K.L.:
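I have a structure here, written as structure tokens, and I will follow up with some questions on it.
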Protein chains: 2
Amino acid sequence: MPFSYEYPHPAVTVDCVVFGLDLAQSELKILLIQRGLDPFKGRWALPGGFVRIDERVEEAAERELKEETGLAKVWLEQLYTFGEPKRDPRERVISVAHFALVKMSDHRVRAATDASDAAWFPVTGAPPLAFDHKQILAMALSRLRGKLTYQPVGFELLPPKFTLTNLQRLYELVLGRALDKRNFRKKALATGLLVALEEMEQGVSHRAARLYRFDEAEHRRLSKSGYLFEL
Amino acid sequence: MPFSYEYPHPAVTVDCVVFGLDLAQSELKILLIQRGLDPFKGRWALPGGFVRIDERVEEAAERELKEETGLAKVWLEQLYTFGEPKRDPRERVISVAHFALVKMSDHRVRAATDASDAAWFPVTGAPPLAFDHKQILAMALSRLRGKLTYQPVGFELLPPKFTLTNLQRLYELVLGRALDKRNFRKKALATGLLVALEEMEQGVSHRAARLYRFDEAEHRRLSKSGYLFEL
DNA sequence: CCAAAAGTGTTGGGACTACACCCATGA
DNA sequence: TCATGGGTGTAGTCCCAACACTTTTGG
């Protein structure tokens with residue numbers, strides 16, 4: 001392995017596919033920002049930017065998310081690294097894509113008020129994207145689908161208190177097919193990761209549903225003793 | 001997103017975790033190279049090197065594998081990107097790790113004769129590794145484990161013609177536990193991806209086993225109509 | 001009392017696990 | 001003839017899918 005100063009270095013960026021769940025509209029959404037500069041000026045794109053020279057990659061993703069969308073402390077994971085030589089017309093840019101899951105209930109105000117250059121779009125029905133971001137989105141979506149069934153990540157998208165129907169709707173939206181209500185409830189409760197609260201859903205014009213929360217502590221406990229989540 | 005020339009760029013490398021199956025010794029192995037230069041001179045490390053400025057990342061991985069170990073046309077997939085700021089003492093280096101599966105039967109000579117600076121080691125019982133390669137290896141192994149059961153990648157490690165016992169041994173080695181012979185055979189044959197050959201195993205001092213091959217074409221056909229492999 | 005969603009059990013079939021003996025071959 | 005691994009079937013259990021009606025609430 002030769003010493004590297006001999007070679008020109010590519011730029012390294014991070015991009016984030018940020019998923020949010022809109023229960024009111026029964027839609028899975030992604031957060032996009034509108035580019036103010038060329039290339040692709042005016043186009044919508046995934047939030048992201050350059051990795052600083054002394055910054056961890058994950059850190060860069062978190063920082064860019066904060067700077068461009070106001071989001072902080074969201075669930076974030078590395079997705080894949082995209083490095084086609086011509087993906088950015090300016091210079092060689094290698095981008096480490098991440099995907100993030102946010103509770104839209106917590107962050108609704110931010111993204112809605114600052115709508116001039118950051119906005120939520122339905123996953124199906126997003127505008128044309130800059131660079132190879134369409135491809136990145138596609139991979140993020142397929143990863144989310146895969147992940148949902150064998151890891152309890154869906155809760156990152158739900159509000160802290162949710163109904164079983166909310167949970168089911170989430171799974172249906174992401175997986176893209178209808179699920180049987182009774183079977184779904186049985187399986188969900190059988191995970192032992194849901195805690196029934198005293199509280200009931202408010203302000204609906206029909207029978208109110210029980211609220212549940214995700215049992216974070218129990219999940220950590222079970223993870224250590226190597227069990228398998230599945231839904 | 002500011003224009004990038006403002007910022008210093010990190011170096012970008014690829015590293016490859018190359019797995020091989022040694023049926024003779026019933027061991028899963030990885031291919032390591034011995035470093036000729038500092039840092040970590042004399043230490044064993046994953047094959048890898050710098051991504052050239054106009055080269056695709058996958059290409060770089062393939063090229064380095066070829067240059068350092070003589071391997072070509074192996075199954076290769078991106079694993080994860082490692083970018084801790086201090087992982088290389090010289091400068092900031094971000095490494096896109098890959099993992100590769102090779103049929104040791106095809107490549108046995110290469111790695112064995114050129115043993116001065118490339119050699120196979122048992123996965124458990126490898127020497128201390130340079131950089132953060134231990135961590136990369138750990139992730140590759142866990143990915144391989146996960147992948148094996150729901151994608152037919154194991155065949156990339158087996159010779160073109162293999163016995164069911166070979167296949168079972170592979171699964172046992174990777175998963176780290178014994179499997180029931182009758183159940184394993186039933187499931188393996190039920191996938192419909194194995195073709196029984198006329199040929200029998202040769203040169204064993206007991207009843208000769210039937211040889212099978214993996215049905216590549218059938219697998220492609222089934223993949224398109226969205227089925228799920230599982231073993 | 002009507003509309004809307006919440007909530008709840010059973011049954012049949014398919015898949016998985018556990019398990020032990022005979023067979024073919026070469027030395 | 002012996003040692004070594006190859007090869008085979010069944011029974012019990014568990015899990016999953018399919019399926020429809022009653023309850024609660026607000027309007």
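Here the structure is a predicted model, which is why all the values come from computation and not from measurement. In what follows, chains are A, B, ... by sequence order, proteins preceding strands, each numbered from 1.
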K.L.:
Can you pull the contact range of chain B along DNA chain D, 5' to 3', using atoms under 4.0 angstrom from its heavy atoms?
P.N.:
D:dT4 to D:dT10

K.L.:
Can you run down the salt bridge (Lys or Arg N to Asp or Glu O under 4.0 Å) pairs that involve residues 154-179 of chain A, sequence neighbours left out, and say none if there aren't any?
P.N.:
A:K161-A:E199, A:R169-A:E172

K.L.:
Sequence neighbours left out, what passes side chain to side chain contact (heavy atoms under 4.5 Å, CB included) with B:A100? Give chain and number order.
P.N.:
B:V18, B:L65, B:V74, B:L76

K.L.:
By salt bridge (charged side-chain N to carboxylate O under 4.0 Å, His left out), which residues pair with A:R56, not counting sequence neighbours?
P.N.:
A:E59, B:E84

K.L.:
What nucleic acid atoms does A:R185 come within less than 4.0 Å of, heavy atoms only: base, sugar-phosphate, or nothing?
P.N.:
base

K.L.:
Encode nucleotides 17-27 of chain C as B, S and - characters from 5' to 3', where the letter depends on protein heavy atoms closer than 4.0 Å: B to the base, S only to sugar-phosphate, - to neither.
P.N.:
BBBB--BBBSS

K.L.:
Output all residues satisfying side chain to side chain contact (heavy atoms under 4.5 Å, CB included) with A:A209, sequence neighbours left out; order by chain, then residue number.
P.N.:
A:T163, A:E201

K.L.:
Sequence neighbours excluded, which residues qualify as ring-ring contact (aromatic ring centres under 6.0 Å, His included) partners of A:H133?
P.N.:
A:F131

K.L.:
Does any pair with a residue in residues 157-177 of chain B pass ring pair (Phe, Tyr, Trp, His ring centres under 6.0 Å), and if so which ones, sequence neighbours excluded?
P.N.:
B:F155-B:F162, B:Y171-B:F184

K.L.:
Please name all residues satisfying side chain to side chain donor-acceptor pair (under 3.5 Å) with B:T191, sequence neighbours left out, ordered by chain then number.
P.N.:
none

K.L.:
So which of residues 160-178 of chain B are in contact with DNA chain D, with a heavy-atom cut-off of under 4.0 Å?
P.N.:
B:T165

K.L.:
So that I know where these two stand, are B:Y227 and B:F229 an aromatic pair - ring centroids less than 6.0 Å apart?
P.N.:
no

K.L.:
Suppose the criterion is ring pair (Phe, Tyr, Trp, His ring centres under 6.0 Å): which pairs have a residue in residues 56-78 of chain B, not counting sequence neighbours?
P.N.:
B:W75-B:F99

K.L.:
Suppose we screen for ring-ring contact (aromatic ring centres under 6.0 Å, His included). Which residues come up paired with A:F121, at least two apart in sequence or across chains?
P.N.:
A:W44

